[in-house]
Amino acid sequence: MRMRSLLFVPASRPDRFDKAAAAGADAVVLDLEDAVAPADKDSAREAVRRWVCPEHPAIVRINAPDSPWHAADCALAGIAGLTAVMLPKAERPEDIATLVGAGAAAVIPLVETAAGLAAAQQLASAPGAFRLAFGSLDFQLDLGMREATEDDLHYYRCQLVFASRLAGIAAPIDGVTTAIDDAPRLQMDVARVKRLGFGGKLCIHPKQVETVNAGFTPDAEAVAWARRVIAAAQDSAITSVDGKMVDRPVILSAQAILRDAGE
């Protein structure tokens, strides 16, 4: 499942669901948590139940395990067309198991706390865990990082990449960039986390989708190089491409580029 961009839409706004689905994101995330007021939780849950189907695939972000709405949200897990459940404040593999037992096809643990980061490898290794995601804003709040820069989060992001690799799951998903109208900032954020080993990013507005998709898709030059490497690997007489030896790590890198390009 290719998942570079994941676009949030409030589950209390079913009038926006179709628009979000047409925005070009790799996945739409119907948000029952932060975007929905307590008084609207029940009606938002029913809106998800009515809209999601094989023709309208989506992810749903449910409410946290310690919330009064969590149990009712878990009942959505087995809906046909629900590709994954995003679990906020993920800290315990048991909560992933509960969702899998309720029928979830996949679970995206959202690491937003110190306890969640400490359990990252357990979460990534839990049966049903698809990819980790980084809830960077709540994480900073939990750690009291009131004036943190993106560089200050470098260490914590690396831990999620490391845990994902050890568990053998896909690269993690980065948190949101709140600057909706600042495309250069978004490009910089995507480039930063891509260098660390992230494979996707959460979006809070449709206008962010194109930039995120482009940032996580190899450009034409990289794809052309990868094709030359793969072609060279089939010919034992060729030992280098563009002055770089063609050995197993280079071949694997080329294969990854073509995979990320959708080839």
Side-chain angles (χ1 to χ4, degrees), residues 1-14 16-18 20-21 25-36 38 40-113 115-116 119-135 138 160 163-164 167-173 199-200 202-203:
M1 188 188 307
R2 195 179 191 197
M3 204 175 288
R4 302 159 299 177
S5 54
L6 294 85
L7 176 62
F8 280 121
V9 59
S12 55
R13 295 297 305 271
R16 296 183 181 178
F17 291 179
D18 289 335
D26 290 333
V28 170
V29 183
L30 305 180
D31 187 14
L32 286 168
E33 194 204 16
D34 290 346
V36 179
D40 298 328
K41 298 287 188 183
D42 292 342
S43 60
R45 190 182 305 110
E46 288 309 307
V48 171
R49 194 184 301 277
R50 289 193 298 270
W51 190 79
V52 174
C53 63
E55 291 73 34
H56 295 149
I59 295 168
V60 63
R61 177 166 73 169
I62 62 175
N63 288 279
D66 62 353
S67 75
W69 309 285
H70 181 74
D73 289 350
C74 286
L76 296 172
I79 293 177
L82 197 65
T83 55
V85 176
M86 185 175 291
L87 176 66
K89 308 300 188 294
E91 297 177 351
R92 306 187 314 154
E94 298 93 316
D95 295 323
I96 297 175
T98 296
L99 288 167
V100 172
V107 179
I108 300 174
L110 188 56
V111 176
E112 302 180 277
T113 63
Q121 191 171 336
Q122 293 174 284
L123 296 172
S125 301
F130 171 52
R131 294 173 74 173
L132 297 179
F134 188 35
D138 281 302
L160 299 187
S164 299
I169 63 174
I173 301 159
L202 303 175
C203 302

Residue pair Phe134 / Glu112, side-chain heavy-atom distance below 4.5 Å: no

Atom of Val111, atom of Gly116 and distance for their closest heavy-atom approach: CG1-C, 3.7 Å

Minimal non-hydrogen separation, Ala120 against Leu160, with atom names: CB-CD2, 4.0 Å

Side-chain (Arg131) to main-chain (Ala171) donor-acceptor, under 3.5 angstrom: yes

Closest non-hydrogen atom pair, Ala11 against Val36: N-CG2, 4.1 Å

Exercise: identify the closest heavy-atom pair between Ile62 and Leu99: CD1-CD2, 3.8 Å

Ser67 side chain vs Ala64 backbone, donor-acceptor pair below 3.5 Å: yes

Contacts of type salt bridge (Lys or Arg N to Asp or Glu O under 4.0 Å), residue Arg61, not counting sequence neighbours: Asp31, Glu33, Asp34

Minimal non-hydrogen separation, Met86 against Leu6, with atom names: CE-CD2, 4.3 Å

Sequence-distant partners of Ala105, side-chain contact (heavy atoms from CB on, under 4.5 Å), two or more places apart: none

With sequence neighbours excluded, residues passing side chain to side chain donor-acceptor pair (under 3.5 Å) with Ser5: Asn213

Qualifying ring-ring contact (aromatic ring centres under 6.0 Å, His included) pairs, either residue in residues 42-91, two or more places apart: Phe17-Trp51, Trp51-His56

Residues forming a side-chain contact (heavy atoms from CB on, under 4.5 Å) with Ala124, sequence neighbours excluded: Leu132, Ala167, Ile169

Salt bridge (Lys or Arg N to Asp or Glu O under 4.0 Å) partners of residues 66-83, not counting sequence neighbours, each pair once: Arg45-Asp73

side-chain contact (heavy atoms from CB on, under 4.5 Å) against Thr113, all qualifying residues, sequence neighbours excluded: Lys89, Glu91, Ala115, Asp142

Partner set under side-chain contact (heavy atoms from CB on, under 4.5 Å) for Val52, not counting sequence neighbours: Leu30, Val48, Ala58, Ile79, Leu82

Where Ala106 and Thr83 come nearest, the two heavy atoms and their spacing: CB-O, 3.8 Å

Arg49: salt bridge (Lys or Arg N to Asp or Glu O under 4.0 Å) partners, not counting sequence neighbours: Glu46

Sidechain-backbone polar pair: Asn63 side chain, Leu32 backbone, donor-acceptor under 3.5 Å: yes

Selection residues 94-103 - residue pairs positive for side-chain hydrogen bond (donor to acceptor under 3.5 Å, both in side chains), sequence neighbours left out: Arg92-Asp95

Sub-4.5 Å side-chain heavy-atom contact between Ile108 and Ile59: yes

Heavy-atom check, side chain of Leu202 versus side chain of Ile173, under 4.5 Å: yes

Residue pair Pro127 / Val100, side-chain heavy-atom distance below 4.5 Å: no

Test item: Asp138 and Pro88 side chains (from C-beta on) under 4.5 Å apart, heavy atoms: no

